[in-house]
Protein chains: 2
Amino acid sequence: MDGTAARRQALDAAERLFYERGIRAVGMDEIRTASGVSLKRLYQLFPAKDQLVQAYLERRDVAWRRRLADRVERASDPGERVLTVFDFLGEWFREPGFRGCAWINAHGELGATSPAVAALATAHKTAFRAYLAGLVAAAGLPDAATDHLLLLAEGAMVTAGVFGCARPAAQAREAAALLLAAYAGARTP
Amino acid sequence: MDGTAARRQALDAAERLFYERGIRAVGMDEIRTASGVSLKRLYQLFPAKDQLVQAYLERRDVAWRRRLADRVERASDPGERVLTVFDFLGEWFREPGFRGCAWINAHGELGATSPAVAALATAHKTAFRAYLAGLVAAAGLPDAATDHLLLLAEGAMVTAGVFGCARPAAQAREAAALLLAAYAGARTP
DNA sequence: CGGAGCGGAGAACGCTGGTTCTCCGGGTGT
DNA sequence: ACACCCGGAGAACCAGCGTTCTCCGCTCCG
């Protein structure tokens, strides 16, 4: 097994376990068992658990935002694209094992004690917000819409996580559609 | 020091430390030092850390919802009351040491391993939603408004927590005001 | 004044988990 | 064939922490 394969397997196991159970609840030993990568190798690849945690959050950030973008691009109308974000959320919430937003969870668990984790969480949310801002601009919506939609999306993530239910995605989509209509109404009264 | 005073001091210290740093990051020894309650007494009052955690979440739930209700009741107009929720959030976010919603954080950290914590988090959010539903009904708004407002409020809490900034409260209030106008417009077009 | 019980301080205990070390087998170059 | 290196398995080490125990002084009652 070469280095990149070991790295991938380690990150796969770490991602599954950290997300499923929380970061501090998972020991390195368990990651070794789940990944089949020996402790020695694990510590060569990631000299401390912290770094494995950071690599997990970074890789998941890239993958999550690519999945979002892929899903959104299946809609062609700029106005529709904004709402597609909430369809994506609904599909995500329905996946088995969904347990809320990994960055919100990591921030709540470790944000106070690990500046690196806190920074990765804000970086992820900043990137998500920037992506939304692009959709909002392309749809000709007012700038304020970015933050309104961000709040609906974040609210849907936590609510779905805490209640273990996908409905918040549809409710957020409804609210977003009402807001979109309200912006349009205000522009051309 | 009698039992109820010791209990209060223990919970005060636990609440401050658990909220500030995360639950697993705080040891019983630290709670003893911060509260001045001996370990022996601590374990008489709360036979295990779990129970102290649950008592913390329960007491904070009551206090938080009372503060919310007190703040909202300062507005008299039913429509205004709904928006006052977001003013309350803004004041909360601005308090020194604000670090997001305690129940969202606890759920992210322990929800997967402690059914009791998960249940307390959903109970708190259910109670908050029920309170919103009362305000929505009193204002004559459609039922769907409850969940829309809930999502905005939850989104504001996480966003303020992750970015360490109070603006999301004002943005959520803006979005809520737009939604309120949209409901009114739909009812009397 | 003496003993008994209560409570505090902090040590002790056992377990968990992050990190390192030891031992060993298997492949490789000469 | 033989020395050598790489990597795996798992033990070992050490610190932190939940929980319990020991010792001691104080107070309260006879």
Side-chain angles (χ1 to χ4, degrees), chain A residues 1-57 105-106 108-117 120, chain B residues 1-57 105-106 108-117 120:
Chain A
M1 181 197 310
D2 76 347
T4 70
R7 194 184 167 85
R8 188 172 40 71
Q9 283 180 238
L11 282 170
D12 286 348
E15 175 160 3
R16 191 166 52 76
L17 292 169
F18 285 160
Y19 179 69
E20 195 171 273
R21 307 229 298 271
I23 292 170
R24 295 184 67 142
V26 175
M28 294 297 276
D29 221 63
E30 213 161 348
I31 289 171
R32 154 219 161 131
T33 304
S35 68
V37 176
S38 73
L39 275 184
K40 202 184 206 173
R41 199 83 117 108
L42 264 182
Y43 275 92
Q44 281 170 5
L45 295 164
F46 308 97
K49 189 184 178 183
D50 273 12
Q51 313 205 15
L52 177 57
V53 171
Q54 292 170 40
Y56 145 60
L57 290 173
N105 292 348
E109 184 175 359
L110 300 175
T113 50
S114 162
V117 167
L120 288 169
Chain B
M1 182 196 308
D2 77 346
T4 70
R7 194 185 167 84
R8 188 171 41 70
Q9 283 180 239
L11 282 170
D12 286 348
E15 174 160 2
R16 190 166 53 76
L17 292 169
F18 286 159
Y19 179 69
E20 196 170 273
R21 305 228 299 272
I23 292 169
R24 296 184 67 141
V26 175
M28 294 296 277
D29 220 62
E30 214 161 346
I31 289 171
R32 154 217 160 133
T33 305
S35 67
V37 176
S38 73
L39 275 185
K40 202 183 204 174
R41 199 82 118 108
L42 222 37
Y43 275 91
Q44 280 171 5
L45 295 164
F46 308 97
K49 188 183 179 184
D50 272 12
Q51 313 205 15
L52 178 57
V53 172
Q54 292 170 39
Y56 146 60
L57 290 173
N105 292 347
E109 183 175 0
L110 300 175
T113 50
S114 162
V117 168
L120 287 169

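We name chains A, B, ... by the order of the sequence lines, and we start the count at 1 in each one.
As a whole-Å value, the separation of A:Gln44 CD from D:dG8 P is 8 Å. As a whole-Å value, the separation of B:Leu42 CG from D:dC17 C1' is 14 Å.
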Base contacts versus sugar-phosphate-only contacts with protein, heavy atoms under 4.0 Å: please encode nucleotides 18-24 of chain C as B, S and - from 5' to 3'.
SBB----

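One N or O donor and one acceptor, one from the side chain of B:Arg32 and one from the base of C:dG10, sit under 3.5 Å apart.
With sequence neighbours excluded, the residues satisfying side chain to side chain contact (heavy atoms under 4.5 Å, CB included) with A:Ala55 are A:Arg7, A:Leu11, A:Phe46. For B:Arg21, the salt bridge (charged side-chain N to carboxylate O under 4.0 Å, His left out) test picks out B:Glu30, with sequence neighbours left out.
Residue A:Arg41 places no side-chain N or O under 4.0 Å from the OP1 or OP2 atom of D:dA9.
A heavy-atom distance below 4.5 Å is not found between the side chains of A:Phe18 and A:Asn105. Between A:Arg24 and A:Leu110, the closest side-chain pair of non-hydrogen atoms falls below 4.5 Å.
The side chain to side chain contact (heavy atoms under 4.5 Å, CB included) test with A:Val117 singles out one residue from A:Leu57, A:Asp50, A:Ile23, and that residue is A:Leu57.
Here B:Arg16 contributes atom CZ and B:Ser35 contributes atom OG; the two are 10.0 Å apart, rounded to the nearest 0.5 Å.
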